[in-house]
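This report concerns only the one structure given below.
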Amino acid sequence: MTRTAFKPSNHPLAAYIERLEAGGDLLPDSPENLVEVVGILKSYGVVLDAYSKNLIYIADHQFLVFFPFFKYFNGDINPTKLLRHWWHDRINYEYAEYVMKVMMWHGGGGLDDYLDTEEFQQLAERAIRAKFKFNPAISAIHAIFPDFLPEYVRQSCYYSALGQFWRVMSDIFLTLSDRYDAGEIQSIPEVVQYILDGLVAAASKPITYGVKIGDRRYDILPKSAGLTFLMDTAVPYVDTIFFRGTPFPGTVSYNAQAHQIPYFQRDFAYGALYADPLPTGGAGIPPTLLMQDMRHYLPDYLHEVYRTNCRGEDDIRVQICQSFQKSMFCVTTAAIKGLAPHPLTTTDPEEHEANRQYLETWMDRFITSRLEMVNQRTERACQLFPEPSEKTK
């Protein structure tokens, strides 16, 4: 049976289903899209490298520290670094923690399930008792409120797991940039395939976590738990950060009586694929911190693209966000292809039907996303102060 014999989809986003079934991607291939995607992933890779190291440092060295004043210093505290921190000449690690807390709040995947097991409770209890064996005050508080400290331990697990996830993604994005610089990546399909290959290669990488207390190491997420990179960190990350997210504080009311946010978490649609770049580029919006961090590591060729925009660098964070969304649709395409029940270009009718249902489920979540916007050509030329027409003179 040829592909043309398959019944067309009636989904509102059927065009994208057909594109994926034909071997295409969610983001169209064009020279400008390629420059934006590779360039922004280069800067994102540099930032993720820093975020990853800090999250893992906090998990390993700030375990059950209630007032971690110097958690963003990675153990390197000196006057010069303090002055740079107070002057805000630094990476905004607050954004990494924001993402970690969003991921923990939504949960999902094997990591979230394991943190509710009896085995985890026992491992956490051992570490808590070892940490505070000479602190009767905290031990007493733990006896009165037995759920308080384990929740801290759960949070440390998310610090470590997200740090390990970003460690892999940083390496993928930076090597992608190197391949582009060497002329080995020349199209959006090649970008998607490179990311997909990286995800597949790291799919079974174990996610583990343990802390050293005194001269002994205490496992919190042991290897025997069977937690792996793809299904227990990558998939929940895509679901919670790309799709669900959380509304930015100050933009809508969290008051339940105001009904400005969905009643169920599963109905949240505030993730990276939905965000309006304009408010995202404003002050007080958490992703603005990421855009600000990426601004410092833009490759020259991408920086030049932004300079040619009619507003130049005045709205550079908005432009960075637009490019970032394009790159995230490439990552999402890689995830869709990697998780598909069968090769999307299959000609087997049963496999095609299974793929069709799978893709329509994804497209349901894309209906209110920025998918249509990133598929439009970015118009950079404009006239900020147009000459008045004859009719208005």
Side-chain angles (χ1 to χ4, degrees), residues 38 40-63 65 68 70-77 81 85 90-104 106 109 111 154-178 194-195 198-212 220-221 223 227-242 245 271-272 286-287 289-299 320 324 327-328 330-331 334-335:
V38 175
I40 206 67
L41 288 181
K42 165 67 181 298
S43 60
Y44 190 45
V46 174
V47 173
L48 284 191
D49 175 64
Y51 286 171
S52 154
K53 291 175 180 174
N54 185 246
L55 288 175
I56 292 175
Y57 167 79
I58 292 174
D60 292 346
H61 299 281
Q62 303 292 309
F63 180 72
V65 175
F70 301 107
K71 61 183 177 181
Y72 297 147
F73 288 74
N74 292 345
D76 180 21
I77 305 171
K81 205 168 183 179
H85 184 84
R90 62 184 179 86
I91 292 284
N92 291 288
Y93 296 114
E94 294 90 337
Y95 179 73
E97 290 191 294
Y98 163 79
V99 173
M100 179 275 296
K101 291 177 180 177
V102 172
M103 193 173 172
M104 180 178 177
H106 281 295
L111 174 60
R154 289 189 181 91
Q155 181 171 281
S156 294
C157 292
Y158 269 95
Y159 269 108
S160 180
L162 181 57
Q164 294 175 63
F165 169 70
W166 272 347
R167 173 74 271 138
V168 173
M169 298 310 298
S170 171
D171 292 341
I172 292 175
F173 296 151
L174 291 179
T175 53
L176 168 71
S177 174
D178 293 341
Y194 189 83
I195 296 172
L199 293 174
V200 171
S204 59
K205 179 182 175 65
I207 299 296
T208 62
Y209 172 50
V211 292
K212 188 175 182 181
I220 307 295
L221 299 176
K223 191 174 181 179
L227 302 177
T228 56
F229 167 83
L230 183 63
M231 298 309 297
D232 301 312
T233 57
V235 172
Y237 181 87
V238 169
D239 186 42
T240 59
I241 305 303
F242 283 17
L289 300 175
L290 173 62
M291 308 309 153
Q292 178 66 16
D293 287 339
M294 288 195 289
R295 178 182 183 177
H296 297 298
Y297 304 102
L298 295 174
I320 290 173
F324 182 69
S327 71
M328 292 301 102
C330 288
V331 176

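Note that these values count all heavy atoms, side chains included, but never hydrogens, waters or copies made by symmetry. The chain is numbered in sequence order, starting from 1.
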Do any side-chain atoms of residues 198-208 form donor-acceptor pairs under 3.5 angstrom with protein atoms, and if so which ones, sequence neighbours left out?
none

task: Over all heavy atoms of both residues, which pair between N74 and N54 is shortest? Give the atoms and the distance, please.
output: OD1-ND2, 2.7 Å

- request: Side-chain contact test, heavy atoms from C-beta onward, threshold under 4.5 Å: evaluate it for V47 versus Y95 and give yes or no.
  value: no

- request: Look at the aromatic rings of Y237 and W166 and report parallel, tilted or perpendicular, splitting at 30° and 60°.
  value: perpendicular

task: Identify the heavy atoms of L48 and S170 that sit nearest to each other, and give their distance.
output: CB-CB, 3.9 Å

Ignoring hydrogens and angles, write down the donor-acceptor pairs under 3.5 Å from the side chains of residues 228-235, residues two or more places apart or on other chains.
residue	atom	partner	partner atom	Å
D232	OD1	G110	N	2.9
D232	OD2	T228	N	2.7
T233	OG1	F229	O	2.4

message: Rounded to the nearest 0.5 Å, what separates atom CZ in R295 from atom CD1 in I320?
response: 7.0 Å

field: Rounded distance (nearest 0.5 Å) linking atom CD of Q292 with atom CE of M294
entry: 10.5 Å

message: Quick check against the 3.5 Å criterion: does Y209 have a side-chain atom that pairs as donor or acceptor with the backbone of A59?
response: yes

- prompt: Can you tell if the side chain of Y51 reaches within under 4.5 Å of the side chain of L162, non-hydrogen atoms only?
  reply: no

- prompt: Is there a side-chain contact between L111 and Y158 (heavy atoms, below 4.5 Å)?
  reply: yes

query: Considering all heavy atoms of both residues, which atom of T240 and which atom of H106 are nearest to each other, and what is their separation?
result: CG2-CB, 3.3 Å

query: In Å, rounded to the nearest 0.5 Å, how long is the span from CE of M169 to CG of L41?
result: 8.5 Å

field: Reported CD-to-CG distance for the pair Q164 and L227, which is rounded to 0.5 angstrom
entry: 9.5 Å

message: Between Y44 and F324 (side chain of the first, backbone of the second, donor and acceptor by atom type, cut-off under 3.5 Å), is there such a pair?
response: no

message: Run the salt bridge (Lys or Arg N to Asp or Glu O under 4.0 Å) test against D60 and tell me which residues pass, sequence neighbours left out.
response: none

Pairwise distance CG(L221) to OG(S160) - rounded to 0.5 angstrom: 7.0 Å

field: Any residue meeting salt bridge (Lys or Arg N to Asp or Glu O under 4.0 Å) with K223, in chain and number order, not counting sequence neighbours
entry: none

task: Could you pull out all residues at least two apart from R167 that satisfy salt bridge (Lys or Arg N to Asp or Glu O under 4.0 Å)?
output: D49, D171

- prompt: Taking all atoms of both residues into account, what is the closest heavy-atom pair of Y72 and E94, and its distance?
  reply: OH-CG, 3.5 Å

message: Please report the interatomic distance CE(M100) to CD(Q155), rounded to the nearest 0.5 Å.
response: 4.0 Å

Close side-chain approach of V331 to F173, heavy-atom, < 4.5 Å: yes

query: Listed by chain and number, what are the salt bridge (Lys or Arg N to Asp or Glu O under 4.0 Å) partners of K71, not counting sequence neighbours?
result: E97

